[in-house]
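Starting from 1, each residue takes its place in the sequence as its number.
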Amino acid sequence: MSGHGTPIPMTSHRAAPLTGVAEVPGDKSISHRSLILGAMAVGETKISGLLEGDDVLDTAKAMQAFGAEVVNHGGGNWSVFGVGVGGFAEPDQVIDCGNSGTGVRLIMGCMATSPIAVTFTGDASLNGRPMARVTDPLALFGAKTVGRSGGRLPMTIVGAAQPTPVRYVVPVPSAQVKSAVLLAGLNAPGQTVVIEKEATRDHSERMLAGFGAEITVEDSDEGRVITLTGQPELKPQVIAVPRDPSSAAFPVCAALITPGSDVLVPGIGLNPTRAGLFYTLQDMGADLTFENPREEGGEPVADLRARYSPNMQGIAVPPERAASMIDEYPVLSVVASFATGKTMMAGVKELRVKESDRIDAMARGLRANGVMVEEGEDWWSVEGLGPDGVQGGGTCESFLDHRIAMSFMVMGMGAQNPVTVDDGTPITTSFPIFEPLMTGLGAKLSQA
């Protein structure tokens, strides 16, 4: 399947018990950052376990367009021969970031303080997403932007010839915005300061320190204060990408709602800024355990074991947990459908501006399958029907959103009747082996 081709409907049927080992791909967030920081270092960065989905491959092509040498050795093993901070060449072609909001925003950041002009585009979904949240702070460095109305792609950014460091308070919790500003600050003199009122995933801070940047993180009355000293020489690294917790969410959640299931998902990154879903599932009464906890590449890792959990209860998810599980709310809402009682999810307005309006997309699809949903601008609730109460039988729109498509495929595995999505092709952007991995566990998926 291709995330950019002809729509291909997919249907998920009620499954036999899901059993076995689910070896999910590498972490998407860390894969993007490994390629970008490798391109900004001097020398060869070696990466193993890179996620080879469309989103990350588009970032690899972009780094090549900036002058870095990017080599695919096969099996998730890659090398990036970087050009150094401030060493980017002006691309000869438009940078197509496909479906990836993370990719385009991080790439905008890393080029915004170099004196080059770059035009960005993407697929229909990405071209409809707001970019002002990134281009506004990049303008403070001196970058200039011309795009479509509403700050949308296609868009050209002219990087600052004489960038100035900035002090920026992130207005809404967003690791993408924070990371874009920090990447821009690498090629600005002096200190760039980013202040987060709510902590978001901290892969950028961890990886910048690993590449040799001078970066400090402090908690203050203002929030989480990140200070980066610009114009370092980044040192190439050897990076083992942990497996993606956002991808692990799908086999884990499928096991919880499919009778008789017992699935082991090994080597999952459990960075505290990413693991909110798993703690939420445990709060609901899920039979989910962490086995063999360890540290790999500076990140906490464990094996997750998920078993069928017919006694889950709806809960109010703590709003302060939202930043650590923002991408997992769609599949959480599916699990909530199979719980007993109401699950309330608040403080989640960021879901409105993802690859799709994920609150609207999931509410439509859940209702099409007999589930009662209420929603507001930054909250929604799902009325659980119990372990055998979800009827299914509906057709859902994916809205070119990989997580929406996969969430409804999970729903079909536990529902009484099959669940269909109008287009399963976006799944390859983040989880190219989703279909064979899930069918290998016992899922029944079919394409039209």
Side-chain angles (χ1 to χ4, degrees), residues 2-4 25-114 116-123 126 157 159 176 179-180 182-184 186-187 203-204 207-208 210-213 232-244 297 428-433:
S2 168
H4 308 285
D27 186 280
K28 185 155 71 86
S29 297
I30 294 176
S31 294
H32 280 300
R33 289 161 174 80
S34 298
L35 292 167
I36 291 170
L37 289 174
M40 300 181 80
V42 177
E44 180 185 5
T45 289
K46 298 179 180 180
I47 308 168
S48 61
L50 188 85
L51 169 64
E52 294 177 339
D54 293 341
D55 282 1
V56 174
L57 296 178
D58 286 335
T59 293
K61 292 174 186 175
M63 294 305 102
Q64 288 178 308
F66 286 132
E69 183 182 355
V70 181
V71 181
N72 180 1
H73 301 292
N77 298 302
W78 292 64
S79 292
V80 181
F81 297 85
V83 295
V85 171
F88 281 169
E90 189 167 88
D92 294 329
Q93 67 268 16
V94 172
I95 300 299
D96 187 344
C97 292
N99 189 249
S100 181
T102 299
V104 71
R105 291 177 175 132
L106 267 58
I107 296 167
M108 286 177 171
C110 72
M111 60 72 50
T113 47
S114 294
I116 58 177
V118 183
T119 299
F120 295 92
T121 192
D123 67 8
L126 187 62
I157 298 181
Q176 294 176 0
S179 299
L182 290 173
L183 290 170
L186 281 173
N187 200 37
H203 302 305
S204 294
M207 294 186 72
L208 282 162
F211 274 85
E233 180 172 307
L234 298 183
K235 302 175 179 62
Q237 297 297 301
V238 176
I239 300 172
V241 179
R243 297 180 191 270
D244 196 322
T428 60
T429 63
S430 68
F431 202 158
I433 63 169

### Query
Which heavy-atom pair separates Val70 from Ala60 by the least distance, and what is that distance?
CG2-O, 3.9 Å
### Query
Donor-acceptor pair, Ser204 side chain versus Ser179 backbone, under 3.5 Å?
no
### Minimum-distance pair of heavy atoms, taken over all atoms of Gly67 and Val83
O-CG1, 3.5 Å
### Inter-residue atom distance Lys61.NZ - Ile95.CD1, 0.5 Å rounding
11.0 Å
### Task
Would you mind reporting whether Thr113 and Leu183 have side-chain heavy atoms less than 4.5 Å apart?
no
### Query
For the atom pair CG (Leu50) and CG (Asn72), what is the distance rounded to the nearest 0.5 Å?
8.5 Å
### Task
State the CZ-SG distance between Phe66 and Cys110, to the nearest 0.5 angstrom.
5.5 Å
### Message
Donor-acceptor check, side chain of Glu90 to backbone of Ile116, threshold 3.5 angstrom: yes or no?
### Response
no
#### Entry: Donor-acceptor contact below 3.5 Å, side chain Thr429 vs main chain Asp54
no
### Query
Taking the side chain from Asp58 and the backbone from Asp55, do they hold a donor-acceptor pair closer than 3.5 Å?
no
### Task
Determine the minimum heavy-atom distance between Val80 and Ala68, stating which atoms define it.
CG1-CB, 4.4 Å
#### Entry: Residue that, paired with Phe120, satisfies side-chain contact (heavy atoms from CB on, under 4.5 Å) out of Val104, Asp96, Val94, Leu126
Val104
### Message
In the structure I gave you, are the side-chain heavy atoms of Pro232 and Leu186 within less than 4.5 Å of one another anywhere?
### Response
yes
### Message
What's the separation between atom CG in Leu234 and atom CG in Leu208, rounded to the nearest 0.5 Å?
### Response
7.0 Å
### Query
Between Leu51 and Pro25, what is the shortest heavy-atom contact and its length?
CD1-CB, 3.4 Å
### Message
Restricting to non-hydrogen atoms, name the atom on Pro236 and the atom on Phe211 that form the minimum distance, rounded to 0.1 Å.
### Response
CA-CE2, 4.4 Å
### Query
Measuring from Met63:CE to His32:NE2, what's the distance to the nearest 0.5 Å?
10.5 Å
### Message
Using a 3.5 Å distance criterion without hydrogens, assess whether the side chain of Gln237 forms a donor-acceptor pair with backbone atoms of Lys235.
### Response
yes
### Task
Mind running side-chain contact (heavy atoms from CB on, under 4.5 Å) on Leu37 and Thr45 for me, showing each step along the way?
CA-CA 9 Å; Leu37 289 174; Thr45 289; over 6 Å; no
### Message
Within the 4.5 Å heavy-atom criterion, are Ser79 and His73 side-chain neighbours or not?
### Response
yes
### Message
Regarding Thr102 and Gln176, do their side chains bring together a donor and an acceptor under 3.5 Å, going by distance alone?
### Response
yes
### Query
So, for Ala62 and Ile107, which heavy atoms are closest and what is the spacing to 0.1 Å?
CB-CD1, 3.7 Å
### Message
I need the Met40 CE to Glu233 CD distance, nearest 0.5 Å.
### Response
12.5 Å
